[in-house]
J.: 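Take this structure, written in structure tokens, and hold onto it; I'll ask about it next.
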Amino acid sequence: MRIDIVSLFPEFIAQCAGVGVVGRAQERGLLSTHGWNPRDYAAGGYRRVDDRPFGGGPGMVMMIEPLQACLSAARAADEAPAPVIYLSPQGRPLTQAKVRELAALPRLILLCGRYEGVDERLLAAEVDEEISIGDYVLSGGELAAAVVIDAVARLQEGALNDAESAVQDSFEGDGLLDCPHYTHPASHALGEVPAVLRSGDHAAIARWRRQQALGRTWLRRPDLLDEAALSKADRALLEEFRQQWRH
Ligand SMILES: Nc1nonc1C(=O)NCC1CCCCC1
């Protein structure tokens with residue numbers, strides 16, 4: 001999978017994409033990322049990429065021309081077709097389902113805004129999809145682009161080892177929150193590791209983990225429960241958790 005990122009700070013993305021799972025996926029040839037800076041496509045000595053907003057108001061707006069030229073250069077760098085995705089709070093919320101959809105594509109072009117945003121005419125002409133990573137305002141789209149890159153990189157075949165796949169599966173598989181995790185020491189001033197996890201009874205451990213995932217989802221994200229397809233056994237486990245919680 002190839003991801004091109006249009007950003008005034010391409011070095012930011014290169015840093016994020018160079019470490020951990022994403023860095024390893026690149027080393028394994030599962031993914032490649034390429035930064036493109038609109039300032040390199042801005043005319044004149046000053047290489048202007050932004051200007052004052054029509055209608056007045058604070059801040060600056062990213063201009064059409066440098067972005068359009070930069071996007072054209074990025075597109076031309078590979079023959080694979082790619083949707084242009086703009087990261088902004090005005091976009092549709094990013095979900096794991098959307099991540100799966102994006103991860104299956106051969107290529108993405110991510111457009112990162114700065115300042116107050118991008119000239120609407122550029123967005124209307126060049127952007128295929130607008131995506132938000134949450135209802136808050138960042139100083140630029142780069143962090144959101146890094147989130148998209150990380151999430152799709154994890155889904156590339158061969159990107160994760162067994163332990164990492166387990167984490168992916170625990171959310172990805174059934175849309176529930178993850179269960180709690182514990183490690184050494186078993187006893188600590190902060191508390192004890194739940195006995196079931198030290199019992200060696202793998203069936204009991206799996207049951208406990210499933211019940212904890214169900215219970216936490218019920219407590220913290222009941223909206224996810226609505227969408228999850230719970231089995232009869234799941235519903236019984238959750239009811240048991242609810243009873244215990246209420247006493
Ligand atoms: N939230 C978000 N989800 O995706 N992107 C987000 C963001 O807050 N981006 C910064 C804004 C800053 C002004 C220009 C356009 C991008």
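Just follow the structure's listing: the first ligand is 1, and inside any ligand the first atom is 1. Just so you know, these numbers come straight off a predicted model, no measurement behind them.
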J.: Which heavy atom of the protein is the closest neighbour of atom 16 (C) of ligand 1, given with residue, atom name and distance?
T.: Leu87 O, 3.7 Å
J.: So which atom in Leu138 and which in Ala144 form the shortest heavy-atom distance, rounded to 0.1 Å?
T.: CD1-N, 4.4 Å
J.: Between Val137 and ligand 1, is there a nitrogen or oxygen pair with a distance under 3.5 Å?
T.: no
J.: Any idea which heavy atoms bring Val61 and Pro53 closest together, and the distance?
T.: CG2-CB, 3.8 Å
J.: May I ask you to identify the nearest protein heavy atom to atom 9 (N) of ligand 1, giving residue, atom name and distance to one decimal place in Å?
T.: Gly140 O, 3.7 Å
J.: How far does CG of Asp4 sit from CD1 of Ile13, to the nearest 0.5 angstrom?
T.: 12.0 Å
J.: With respect to Tyr136, determine whether any N or O atom, backbone or side chain, lies less than 3.5 Å from an N or O atom of ligand 1.
T.: yes
J.: Measure the acute angle between the ring planes of Trp208 and Tyr182, then classify it against the limits of 30° and 60° as parallel, tilted or perpendicular.
T.: tilted
J.: Using 0.5 Å steps for rounding, measure from the CZ atom of Arg100 to the OG1 atom of Thr95.
T.: 7.5 Å
J.: Ligand 1 versus Ile131, non-hydrogen atoms closer than 4.0 Å: side chain, backbone, both, neither?
T.: backbone
J.: Among all protein heavy atoms, pick the one closest to atom 13 (C) of ligand 1 and tell me residue, atom and distance.
T.: Tyr115 O, 3.3 Å
J.: What are the two closest heavy atoms between Ala73 and Tyr41, and how far apart are they?
T.: CB-OH, 3.4 Å
J.: Ala144 to ligand 1: N or O pair under 3.5 Å?
T.: no
J.: Can you find an N/O atom of Ser88 closer than 3.5 Å to an N/O atom of ligand 1?
T.: yes
J.: Determine, for Arg24 against Glu164, whether the closest basic-nitrogen to carboxylate-oxygen distance falls under 4.0 angstrom.
T.: yes
J.: Return the residue, atom name and 0.1 Å-rounded distance of the protein heavy atom closest to atom 7 (C) of ligand 1.
T.: Pro89 CD, 3.6 Å
J.: Tell me which one of Leu111, Ile85, Leu138, Val118 gets a heavy atom nearest to atom 10 (C) of ligand 1.
T.: Leu138
J.: For atom 14 (C) of ligand 1, what is the closest protein heavy atom, and at what distance to 0.1 Å?
T.: Gly117 CA, 3.6 Å
